[in-house]
Amino acid sequence: MEETTELLEIRRQKLIFWQEKGIYPFGQRYETTHTSQQVIEGFKEGSEEKVRSAGRLMSRREHGKSIFAHIKDVQGKIQIYARADILGDDDFSLFKEFDTGDFIGIQGKVFKTHKGEITILVEKFTFLSKSLRPLPKEWYGLKDTELRYRQRYVDLLVNEEVKNLFITRGKIIKLLKEFLDKQDFLEVETPMMQSIPGGAIAKPFITHHNALGIDLYLRIAPELYLKRLVVGGLERVYELNRNFRNEGISTRHNPEFTMLEVYQAYADYTDMMRLTEELLMFVVQNLFGSLKITCEDKEIDFTPPWQRITVYEAISKYTGVEVTRLEDIRKIIDDKEKSLTEILNHILDNEVEPNLIQPTFLMDYPTVLSPLARQKQNNPELVERFEFFISGQELGNAYSELNDPIEQKKRFYEQNPDKIDEDYIEALEYGLPPCGGLGIGIDRLVMALTNTTSIREVVLFPQLRPK
RNA sequence: GGGCUGUUAGCUCAAUUGGCAGAGCAGGGGACUCUUAAUCCCAAGGUUAUAGGUUCGAUUCCUAUACAGCCCA
């Protein structure tokens, strides 16, 4: 697989050049005093402060006996200025051999150029690491989506907005945890390898444990384990981590995706609505300094209370057909081939959800769709459940948890008599307090908050077919 | 799974009706001590995704494959 092009060959030769000069071009630790932004923020006119900084050489402008260049660190870029009369002819000619992409450490005093850019005058430099491959020109960036996903490191390097998006993703996750931690929720970790994949309806990935001699499934949801913890007296828990579903890949689905699940004892789905509002309000306010953001040319206002509408009300509103019972949806689509749940999902996906632009709770789902949710006391056909939507996208799902082990077993049986998680039923038999549960799809939340339309843009290394 | 679109130099993009495959930047050589998409001069860089087919001649038309993107189920 040895790939040789002229460009790679030239860089290999540079490697040899440095070694012949007695410089090993894969250096060691380098102590810095300033990041790029600290240099800029700390600048005082006339102070001539000496700094040590390090970064990747991103551009170069050579003028005979002087060179302007930019080095880049995680915070940004800082201009550096090398002159033959400062470095001496030998070191200056060495400096000329740096390629864009190389990591260098520099030491020198800070000044402002005639054009007003804060710049480090290079008095000493250290080779930190050689780049053996050419970088795409930053000006044009890297646009080829396939290359961007396969070589995300290059994407991050040359596309500033991509780097910023993933920094934002990190902030969102930090803020979510910060809010929940303040509310006394305990972050926990439950098995990703499960012998019965529960908590959702989806095809799991199968793996094998050699020592135990059994097949295991990568989890499709952590739900049943988190509720076991509430049985065990951990009254407020959350887990924010990966789920795996062996299904199609699309702009909204990656086989592994990140989910936040929260459980709160003695609460119900109305508490989960308030929790959702407060949680997202906290995140959005801290991230943007406002509760209003622009997403796909539309202003989204996170100010609570959000719209609350039942599933049947929403269907009636958006199709114009009065629906009060599940069977009524056959008045909208009369397809004998399709089950009621198929028709319902079709109507919700196509007629209802695209209209839910402002944050909206769509509530009170039919019981047949929700085997883990508690029925409404005045109507056992419906459960206390909501999904919430922003920009027409489903971002989360919540319910008053079903804590009746007998009813739960019955519902599992109706769903699939061959795969009943008896241990979970047994846990419920010990007693699950009334409990509200909430799940939020983190990738989709990040998409909504960063105005992105493909999940691959918010996952660092999206799944692709190997080349 | 189905449909549509794309794949040309390291990167970003051209190429007329089927008629010598081009540019900018990067990279190489040279000039230049305040540039910042530096500038100026010179030279180079290609199995047009892959495999076939039609044709005197294919980046261009056809078939298949691979990968990707968008839409649909």
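A, B, ... follow the sequence lines: proteins, then strands. Residue 1 opens every chain. Bear in mind the structure is a predicted one, so any value in this text is a computation, not a measurement.
Atom CG in A:L464 sits roughly 14 Å away from atom C1' in B:A66 (whole-Å rounding). Taking atom CG on A:L132 and atom P on B:A26, their separation rounds to 21 Å, with Å as the unit. With rounding to whole Å, A:N345 atom CG is found 13 Å from B:A73 atom P. Taking atom CG on A:L147 and atom C1' on B:A68, their separation rounds to 10 Å, with Å as the unit.
For A:E117, counting side-chain heavy atoms from C-beta on, the closest listed nucleotide (B:U36, B:G69, B:C11) is B:U36. For A:E6, the side-chain atoms get nearest to B:G45 when compared with the rest of B:G45, B:A26, B:U33. Here B:C25 is the nucleotide among B:C25, B:C67, B:C13 with the atom lying nearest to any side-chain atom of A:K137. Of the candidates B:G69, B:C11, B:U33, the closest approach to any side-chain atom of A:K65 belongs to B:U33. Out of B:A68, B:C34, B:U12, the shortest distance to the side chain of A:Y140 is found at B:U12. Among B:C25, B:U35, B:U33, the nucleotide with an atom closest to any side-chain atom of A:Y81 is B:U33.
A:Y269 and A:K376 are linked by a side-chain donor-acceptor pair at a separation below 3.5 angstrom, with hydrogens and angles left out of the test. For the residue pair A:D73 / A:S36, a side-chain donor-acceptor distance below 3.5 Å is found, with atom types taken as modelled.
Residue A:K112 places none of its side-chain N or O atoms closer than 4.0 Å to OP1 or OP2 of B:C34. Within the 4.0 Å cut-off from OP1 or OP2 of B:C71, at least one side-chain nitrogen or oxygen of A:T251 is found. Phosphate contact (OP1/OP2 of B:G69, side-chain N/O of A:R148, threshold under 4.0 Å): absent. In terms of phosphate contacts, A:R61 brings no side-chain nitrogen or oxygen within less than 4.0 Å of OP1 or OP2 of B:U35. Residue A:R465 places at least one side-chain N or O under 4.0 Å from the OP1 or OP2 atom of B:C67.
Between the side chain of A:T113 and the base of B:U35 there is at least one donor-acceptor pair of N/O atoms closer than 3.5 Å. For B:U35, its base sits under 3.5 Å from the side chain of A:Q79 at one donor and acceptor pair at least.
Judged by a 6.0 Å distance limit and a 45° cone about the ring axis, A:R219 is not positioned over the six-membered ring of A:F244.
Centre separation under 5.5 Å together with a plane angle under 30° does not hold for the ring of A:H63 and the six-membered base ring of B:U33, so they are not marked as stacked.
A salt bridge is defined here as a Lys NZ or Arg NE, NH1 or NH2 lying under 4.0 Å from an Asp or Glu carboxylate O, and A:R148 with A:E457 meets this definition.
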